[in-house]
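Following: one structure in structure tokens, then a few remarks.
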Amino acid sequence: MSKGNMPNTSSTEKQGARGKKQEKSEICPLCKGLGYVRADVPVGHPDFGKLVPCTCHLAEVAQRRTDSLRVLSDLDTLERMTFATFIPESPGLSPDKQANLRWAYEEARDFAQNPNGWLVLKGGFGCGKTHLAAAIANDCIGRGQPVLFITVPDLLDHLRAAFAPSSASGYDARFEEVRTAPVLILDDLGTESSTPWAQEKLFQVFNYRYNAQMPTVITTNHELEEIPLRLRSRLVDPDLARIVSITAPDYRRAGVAQDQSDLSSLSLHAHQTFETFEPRKGELPKAEEENLKQAVSYARAFAENPEGWLILTGTYGCGKTHLAAAIANYNAAQGRPALFVVVPDLLDHLRATFNPQSAVTFDQRFEEVRRIPLLILDDLGTESATPWAREKLYQIFDYRYNARLPTVITTATPIEELDPRLATRMLDVSLCTPFAILVPAYRGTLSQKKASRQRRSRP
């Protein structure tokens with residue numbers, strides 16, 4: 001073949017070379033088309049040695065992560081919970097509770113606008129903490145910020161489900177997805193089953209996000225002292241976490257006065273105030289008259305400044321229930337929540353929550369009693385002393401004793417004859433003031449009896 005008849009391959013080869021060069025140029029020089037590179041972090045960093053998405057792959061990975069977190073979150077049912085639908089100044093709240101709820105609202109909104117550090121929302125059932133947490137999540141999503149919102153029991157269930165052979169994603173992938181979520185919102189910490197495995201997984205999530213200082217929101221209806229120490233130590237770090245305690249009552253109890261529990265029987269004692277208490281002057285011997293006067297003085301002082309425990313003992317009808325009710329009525333008039341309940345009635349209310357038709361759970365009712373700012377327990381010792389009843393009363397006493405919450409107790413039973421576990425709390429004079437009313441039962445003055453007969457004789 002002559003030189004002139006040889007095929008001209010130079011141009012074809014050049015085009016092929018250019019095509020190959022162009023194809024080669026589309027492959028990322030950092031990850032070689034794999035989409036991942038090793039993290040460029042110092043030894044000791046949590047991400048040292050791990051593969052991370054390459055810059056060429058970030059947009060795709062980010063969209064997949066956002067979609068996955070949204071599926072894992074339960075926000076479709078909480079779309080209505082936004083900052084616009086949250087009402088801090090509810091007309092049913094006292095001014096101090098409105099101010100408290102407004103503060104919680106502002107803290108949550110500030111976090112949503114600039115997710116940074118940890119925000120811990122704590123308070124009773126129905127106080128609004130889940131609404132605020134969901135509002136943060138919805139606000140972040142509205143701005144395109146990936147967020148995972150999930151209750152703690154559901155989170156643990158999702159992790160357990162990842163072990164199933166049919167699971168769409170393995171445990172490691174699911175766990176990594178949770179602990180590295182750009183914004184993580186854990187609702188209802190403390191309601192999970194407290195198994196060693198559950199506590200270990202929660203600690204791993206907490207510890208990772210604590211060390212990496214990743215934005216995290218946690219809600220709980222438990223006191224911080226009740227949360228396991230390893231978790232609590234992360235929650236209370238003032239350099240990272242802001243703790244917001246919401247004092248508002250359950251907004252879902254719309255039919256009940258906001259600061260008056262439906263447990264309370266105080267409405268039956270509305271007439272029993274300090275002004276209506278009969279000092280029984282001229283009826284009692286001087287020593288008994290002075291004793292009753294001193295009892296009124298102790299009760300008034302406690303009502304004006306509820307601190308510690310006040311224990312009123314004495315025979316039936318001596319006036320201890322009247323004074324206890326007067327303390328409750330005084331505080332209610334000041335806008336301070338007080339729960340007045342007869343002990344046997346309290347235990348009946350707790351038992352009633354086990355009925356499937358009950359509108360409240362046992363946990364809700366029990367937490368309401370033991371956390372109320374002022375608790376008045378009337379007629380301790382008249383309850384049926386079953387092991388269950390003794391256990392529940394001890395739990396209430398022990399919690400309020402350790403938390404030093406103001407409590408008034410009346411009893412006709414000598415303290416030494418009560419359950420020893422209760423008696424030891426009631427006899428601790430560093431917290432409690434026991435006062436024995438040494439007067440006989442009050443039957444009314446002669447003028448009162450005459451007025452009563454006149455009222456009954458009227459047509």
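Note that the numbering runs from 1 along the sequence shown for the chain. Quantities reported herein were computed from a predicted structural model and do not represent experimental measurements.
Closest of all the heavy-atom pairs between R179 and Y208 is O-CD2, 3.4 Å. Smallest separation of non-hydrogen atoms from P88 and L101: O-CD2, 3.6 Å. When all heavy atoms are compared, the tightest approach of A112 to C140 is O-SG, 4.2 Å. A pairwise comparison of heavy atoms in P406 and P306 identifies CG-O, 3.4 Å as the closest pair. Summarising the geometry of F111 relative to G117, their closest heavy-atom pair is CE1-O, 3.5 Å, with the distance given to 0.1 Å. The two atoms that bring H131 and T82 nearest to each other are NE2-O, 2.9 Å, heavy atoms only.
With contacts defined as side-chain heavy-atom distances shorter than 4.5 Å, the pair L393/E383 qualifies. Contact annotation: the side chain of L148 never approaches that of I185 to less than 4.5 Å [non-hydrogen atoms, C-beta and beyond]. Between L310 and L312 the shortest side-chain heavy-atom distance falls below 4.5 Å. Side-chain contact between L159 and F175 is present, with heavy atoms from C-beta onward closer than 4.5 Å. Counting heavy atoms from C-beta on, the side chains of Y330 and R300 never come closer than 4.5 Å. No side-chain heavy atom of F149 sits under 4.5 Å from any side-chain heavy atom of I136. The shortest side-chain heavy-atom distance between F354 and T361 does not fall under the 4.5 Å cut-off. Contact check for F277 versus Q272: no side-chain heavy atoms found under the 4.5 Å cut-off.
Side-chain contact of Q294 with S297: a donor-acceptor pair under 3.5 Å is absent, judged by distance alone. Under the 3.5 Å distance criterion, with hydrogens and angles disregarded, no donor-acceptor pair is assigned to the side chains of D379 and Y316. A donor and an acceptor atom, one from each side chain of S430 and D428, are located under 3.5 Å apart. Checking D378 against T321 by side-chain atom types alone, a donor-acceptor pair falls below 3.5 Å. A donor and an acceptor atom, one from each side chain of R365 and T353, are nowhere located under 3.5 Å apart.
Heavy-atom contacts from other residues, nucleotides or ligands closer than 6.0 Å to OH of Y298 number 12 or fewer.
Aromatic ring centres of W118 and F206 lie closer together than 6.0 Å. F366 has its ring centre less than 6.0 Å from the ring centre of F362.
Between the OG atom in S264 and the CG atom in L339 there is a gap of 5.5 Å [rounded to 0.5 Å]. Distance check, rounded to the nearest 0.5 Å: CD1 of I396 to CG of L375 gives 7.0 Å. Note: H349 NE2 to S265 OG = 7.5 Å, rounded to the nearest 0.5 Å. Note that CG of L189 is 6.5 Å distant from CG of L231, once rounded to the nearest 0.5 Å. To the nearest 0.5 Å, the span separating CZ on R232 from CG on D237 amounts to 13.5 Å. A distance of 8.5 Å separates OG1 of T220 from CG of L235, quoted to the nearest 0.5 Å.
The backbone N or O of F274 lies less than 3.5 Å from no partner atom in the side chain of T276, so there is not a single donor-acceptor pair. Between the K320 side chain and the I409 main chain, no donor and acceptor come within less than 3.5 Å of each other. Looking at E417, its side chain never comes within 3.5 Å of a backbone N or O of P414 through a donor-acceptor pair. Side-chain N or O atoms of N211 include one that pairs as donor or acceptor with a backbone N or O of N207 at under 3.5 Å. In this structure a side-chain-to-backbone donor-acceptor pair under 3.5 Å is missing from D154 to I150. The backbone N or O of D110 sits nowhere less than 3.5 Å from a side-chain atom of N114 that would complete a donor-acceptor pair. The main-chain N or O of R80 is found under 3.5 Å from a side-chain atom of T85 such that the two form a donor-acceptor pair. In this structure, the side chain of N329 engages the main chain of A325 through a donor-acceptor pair within 3.5 Å. Put simply, the side chain of T411 never gets that close to the backbone of G381: no donor and acceptor are under 3.5 Å apart. Between the R209 side chain and the A181 main chain, a donor and an acceptor come within less than 3.5 Å of each other.
Salt bridge annotation for R370-E367: present, with a cationic side-chain nitrogen under 4.0 angstrom from a carboxylate oxygen. Salt bridge E226/R371: present, at least one basic N to carboxylate O contact under 4.0 Å. Using a cut-off of 4.0 Å between Lys/Arg side-chain N and Asp/Glu carboxylate O, K122 and E223 are scored as salt-bridged.
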Quiz prompt | Stepwise side-chain contact (heavy atoms from CB on, under 4.5 Å) check, L323 with V296 | solution = CA-CA 7 Å; L323 290 176; V296 174; 4.0 Å; yes

Practice problem: Go through the steps to decide whether F302 and L374 satisfy the test side-chain contact (heavy atoms from CB on, under 4.5 Å), and finish with yes or no. | Solution: CA-CA 11 Å; F302 187 93; L374 174 58; 3.8 Å; yes

Quiz item: Between R400 and I372, does a side-chain contact (heavy atoms from CB on, under 4.5 Å) hold up when you go through it step by step?
Solution: CA-CA 9 Å; R400 297 187 68 84; I372 191 77; 3.6 Å; yes

Practice problem: Carefully, step by step, assess E200 and R230 under the rule salt bridge (Lys or Arg N to Asp or Glu O under 4.0 Å). | Solution: CA-CA 10 Å; E200 181 64 28; R230 289 200 301 174; 3.2 Å; yes

Practice problem: Starting from the C-alpha separation in whole Å, work towards a yes-or-no answer on side-chain contact (heavy atoms from CB on, under 4.5 Å) for V244 and L119. | Solution: CA-CA 8 Å; V244 176; L119 179 64; 3.9 Å; yes

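A cation-pi arrangement, defined by a distance under 6.0 Å to the six-membered ring centre and an angle within 45 degrees of its axis, is absent between R425 and F397.
Among L186, T151, V152, the one residue that satisfies the side-chain contact (heavy atoms from CB on, under 4.5 Å) test with E192 is V152.
The aromatic rings of W197 and Y171 are tilted relative to each other, their planes meeting at an angle between 30° and 60°.
Residues meeting the side chain to side chain contact (heavy atoms under 4.5 Å, CB included) test with C432, sequence neighbours left out: W309, I311.
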